[in-house]
Amino acid sequence: MLGNIFRIMTRNRLRTTPVPGIRDAYTGIDFNLGYHVRSYHLDLNYRVGPNRLEGIATLQLDNWQDLPSMTLDLSPALRVTRVTATGSAGVPVRVARFRQSGGKLRLSFAQPVPVDTEFSLVIRYAGTPKPIRSVWGDLGWEELENGALVASQPVGAPSWFPCDDTPDEKARYEIVVTTDNPYIVAVNGTLLSKRSSGSRTRWHYRVGHPMASYLATVQIGEYIQLMLSEPDATVPVRAWVPPALRDSARAEFADQQRMIDVFTELFGPYPFNSYSVVVTEDELEIPLEAQGLSIFGSNHIKGDHAWERLIAHELSHQWFGNSLGLAQWNDIWLNEGFACYAEWLWFEHSANRHATVSAREHYEELRRKPQDLLLSNPGPRDMFDDRVYKRGALTVHALRVLLGDDAFFRMLRRYVAAGAHSVVEPVDLKREVLAAAAEVGVPETDVKRLWHAWLHEKTLPEFPR
Ligand SMILES: [Zn+2]
């Protein structure tokens, strides 16, 4: 039954627009073609002091073309010691050779795996994990003063496990981490069991919904748990924080539950089983989202609400980016534009500051900046440029102004529901906008003109009114 549900859910995730070429134009990394990973089971052994990781990754796959060989992404800092394969339904699958080069694990099979075979790979590996260098900085597994964190967007996942590291390939995950006491391990999903033996503890998590590799995370630190939700809440909300930050975290996240309630009303039900925030002892440049979990640095949690907008921003990524994933990185505005607009919506509801006021302020800022960026395809260097965030949010605001509040929020909830736990493209949003426009008598040409001006022209359009 579970297998069946998964088949139905995964049917949505395939790209509707095939990405040309053999290489991701944003990351510069070759695609791993020919198969899908249906699930990852990661059994990790981590020693905090020496920063030593040993892993056994079990991947369930099926292939959409005959496979004489295949590749996975894996950092050269981790060395693979053994790979075994198991076929199914009378199709034997045997790995003849494996080698690592250029950030890839390359496998050759003894005989080509015939198309549509379900098979599994067990990959044993070990090493000293370190972040992957990229144009966006160091990404992935990172040693902290006292623990470790993983923040991978967009190319850091191979720093800790072998994967098909592309945003549209969502899969199921089970993640088991064994590490030294008294460290706690926070991972995406639900904690199934926690078993101590001697000086070490084994934490077993299951992720209840398909997840993109860049959103998988492990957080290790000497944290205490604060419950931020009421005991009977449908979505448990917790914070993992260093003991010294208990009071400031309580103050900083006092509105976390209310934020979830506001966003639930605006966007539809919270998409995952729980929500956690992790605050590291270290300072972090920016907070980061993972699936069902967000990571903040101690510098963001002073108890003075200076970063409240980012608490709203990261939470909103659970809908925009995590449940509704990207098909390709050039659509990053679908994540960041909506997350930035969610900040404005939060202040509209909590502080009586209408989103129009925030929109106007940021519009004036954008006007003073170079207008040489295409929102629909900003290019890898400008992928996380603030103009993508702000122009993206202004695009959402322009749609709201065009449709009117009732039709806009109805449209938004339909878009979120239709794309839940899969991947979306701008065309999916446009389809919902056109349907909503038709319902309220807004001409199709007005939608198309707005869409073109904000997404496909560099010049900043008129302020939406
Ligand atoms: Zn964001």
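Whatever order the structure lists ligands and atoms in, that order sets their numbers, starting from 1. Please read these numbers as outputs of a predicted model, since none were measured by experiment. All heavy atoms count here, side chains included; hydrogens, waters and symmetry mates do not.
The existence of a salt bridge linking Arg250 and Asp247 is excluded, since no basic side-chain nitrogen approaches an acidic carboxylate oxygen closer than 4.0 Å. Under a 4.0 Å N-O distance rule, the pair Arg391/Asp385 does not qualify as a salt bridge. Taking 4.0 Å as the cut-off between side-chain N and carboxylate O, Glu308 and Arg353 do not count as a salt-bridged pair.
If you look at His313 and Phe320, their ring centroids are not closer than 6.0 Å. Remark: aromatic rings of Tyr46 and Trp160 are distant, center separation not under 6.0 Å.
Expressed to the nearest 0.5 Å, how far CG of Asp168 lies from OG of Ser422 amounts to 11.0 Å.
For a distance threshold of 2.8 Å, the protein N, O or S atoms nearer than that to the Zn ion (ligand 1), listed by chain and number, are His313 NE2, His317 NE2, Glu336 OE1.
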